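Every number for a ligand or one of its atoms is a count from 1 in the order of the listing. These numbers come from a predicted model, not from an experiment.
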Amino acid sequence: MSDPIHSLSLKKLRDGIHAGNFSVMEATDAYLERIANFNEELNAFITVTRDSAQAQAVEIDNRIRKGELDGAMAGLPYALKDLFCSKDVLTTCGSNMLRNFVSPYDAHVAERLKAAGGVLLGKNNMDEFAMGSSNETSAFGNVRNPWDTDCVPGGSSGGGAATVAARLAPVALGSDTGGSIRQPASFCNITGIKPTYGRISRYGMIAFASSLDQCGPMAPSAEDCAITLNVIAGLDARDSTSVDRPVPDYTATLNDSIDGLKIGLPKEFFAEGLNPQVGAVIERAIKEFEARGAIIKEVTLPNSHLAVPVYYVVAPAECSSNLSRFDGVRFGHRCENPQDLKDLYERSRWEGFGAEVKRRIMIGTYALSAGYYDAYYLKAQKIRRLIQQDFAEAFKDVDVIMGPSAPTTAFKLGAKKDDPIAMYLEDLYTIPVSLAGLPGMTFPIGFAADGLPVGMQLVGNYFEEARMLNIAHQYQLSTDWHTQVPAKFA
Ligand code: GLN
């Protein structure tokens, strides 16, 4: 018997479609059926675009038959985090503020995937405006982790991570501002990459903190991430921070040798704060790299302990500015019967935003206000530069950096909901990388004593995505952690 469609990698899906083993419609229906069966339990999708997916599948089947479409993504289903504007599709950002927002245009990445012949299955649940590490701040209810449905999937791209982990889609696009691809990927046993800041256009991706936001693929394997990155990376004139630099074929170097690879382990990432069970899995995987000829070196990132506090000045400051457009006039929910303009602004924003978003808008507005700007925002920017320099120093001695993606495995729903500081510390190891604008990825390396998945974080120098994907792919060629799926979803 042949393997079920949902167990196939993107490459095998594509080969199957092009060999005529199954049609795009069959592949699409296979995933739609899984979503119909499992989404109620996982709550990973806010919107399922069943009708438009089937219509797209018919069209793409025709075009492939006529030989008009031959790209690497032709006919491949995918899901989008609900902060990517999708033309004529509800785009909520996980917020009541945008509960009824149907986007009139496609985000850059949505446009690229559509043009490449991909089939949009639906829009993934997420923390409200991408603020959170557990998906519990969503106005559409929490997402459940397929590995233990009493646990969170991580966040903010928790919907995408659960979707891929349960094989409800072969790939999902997430976004990462301080860890939102890497931490949920770690909690859900999938591979995810946040490329270098500027590698992928942010056009049409609803902004949280513009100097940090970056989108990226989440999929079972590094190879699947490479295939997707090929389609979405590259210059776009509509995003002024999008970088004009050639995009390599990320699949071309997957099989390069990683012999003699110099791996740096930041000593600060293995100190207090790291759950010992997670640490044990990380150390075992490092030994596996060493056994394959890698050279392990300790490096130091002396300012990394300042990253979380710096992030919680910079990100709220930028979000307070970005979210000012949601005022009930220009964008977003408008309250009923406003008494006057002030009442309209106040009540629309009060009703539209949830507690975490309000907290950040208040912190950010405070940090940017006259008299405090120098003390907080400017100071934070200076420390950000020091953090960047720490990495530059480290990369003089090593090719890549490895360490944990998160200090813990997936925690129970509700466990950290009322403790923002504990929640913020989830991103202890991912935020420094975001502040430096460096590419970071997570790939599965095993399970902790509690039975839950652990992901390795891999950090490269600027624009080293191809090398990172190559390293993870080589690991995945000889391990099968990334192919593991919870029994119920196999
Ligand atoms: N968890 C972090 C936060 O709440 C990061 C979120 C993200 O990367 N979008 O801000």
Side-chain angles (χ1 to χ4, degrees), residues 80-84 93-95 124-138 142-143 152-161 172-188 192-195 197 200 202 205-218 307-320 322-323 353-364 367 380 404-408 410-411 415-442 455 457:
L80 290 176
K81 187 174 181 175
D82 210 15
L83 50 48
F84 295 105
C93 227
S95 181
N124 285 134
N125 203 347
M126 56 181 281
D127 278 301
E128 184 177 8
F129 282 97
M131 298 175 197
S133 298
S134 66
N135 226 118
E136 293 169 295
T137 72
S138 169
N142 60 268
V143 176
V152 304
S156 64
S157 310
L173 289 198
S175 72
D176 189 313
T177 304
S180 279
I181 288 177
R182 291 162 286 163
Q183 183 254 17
S186 178
F187 279 15
C188 291
I193 180 162
K194 176 204 93 76
Y197 179 77
I200 304 175
R202 293 180 291 111
M205 182 169 103
I206 297 173
F208 162 13
S210 310
S211 77
L212 296 157
D213 296 345
Q214 183 59 212
C215 118
M218 306 168 87
V308 172
V310 162
Y311 174 88
Y312 280 98
V313 173
V314 173
E318 294 183 17
C319 100
S320 73
N322 275 326
L323 271 54
F353 290 135
E356 183 61 27
V357 174
K358 284 179 188 148
R359 178 176 9 249
R360 301 212 189 179
I361 292 174
M362 287 193 291
I363 295 171
S405 301
T408 62
F411 46 90
K416 300 191 180 182
K417 204 169 172 218
D418 300 320
D419 185 351
I421 305 289
M423 195 69 94
Y424 295 171
L425 287 173
E426 273 301 313
D427 296 311
L428 200 56
Y429 311 122
T430 48
I431 282 179
V433 182
S434 300
L435 288 170
L438 289 163
M441 76 181 285
T442 291
Q457 184 177 201

Give the atom numbers and elements of ligand 1 that come within less than 4.0 Å of a heavy atom of [X].
| X | result |
| --- | --- |
| F208 | 9 (N), 10 (O) |
| S156 | 9 (N) |
| D176 | 8 (O) |
| Y311 | 2 (C), 3 (C), 5 (C), 6 (C), 10 (O) |
| A130 | 6 (C), 7 (C), 9 (N) |

Query raised in the report: Are side-chain N/O atoms of E128 and T137 paired as donor and acceptor at under 3.5 Å?
Result: no

Report task. Step by step, work out the side chain to side chain donor-acceptor pair (under 3.5 Å) result for N322 and S210. Result -> CA-CA 8 Å; N322 275 326; S210 310; 2.9 Å; yes

Look at ligand 1 and say whether [X] reaches it with a heavy atom at a distance under 4.0 Å.
| X | value |
| --- | --- |
| G179 | yes |
| Y424 | no |
| Y312 | yes |
| R360 | yes |

Query raised in the report: When you look for heavy atoms under 4.0 Å from ligand 1, do you find them on the side chain of T177, its backbone, both, or neither?
Result: both

Query raised in the report: Hey, mind stepping through E318 and S211 against side chain to side chain donor-acceptor pair (under 3.5 Å) and telling me if it holds?
Result: CA-CA 8 Å; E318 294 183 17; S211 77; 2.7 Å; yes

Query raised in the report: Aromatic rings F129 and F353: how do their planes relate, parallel, tilted or perpendicular, breaks at 30° and 60°?
Result: perpendicular

Query raised in the report: Would S133 and D427 count as a side chain to side chain donor-acceptor pair (under 3.5 Å) if you check the C-alpha gap in whole Å, the side-chain angles of each, and the deciding distance to 0.1 Å?
Result: CA-CA 8 Å; S133 298; D427 296 311; 3.1 Å; yes

Query raised in the report: Nearest heavy-atom pair of M205 and Q214: which atoms, and what distance?
Result: CE-N, 3.9 Å

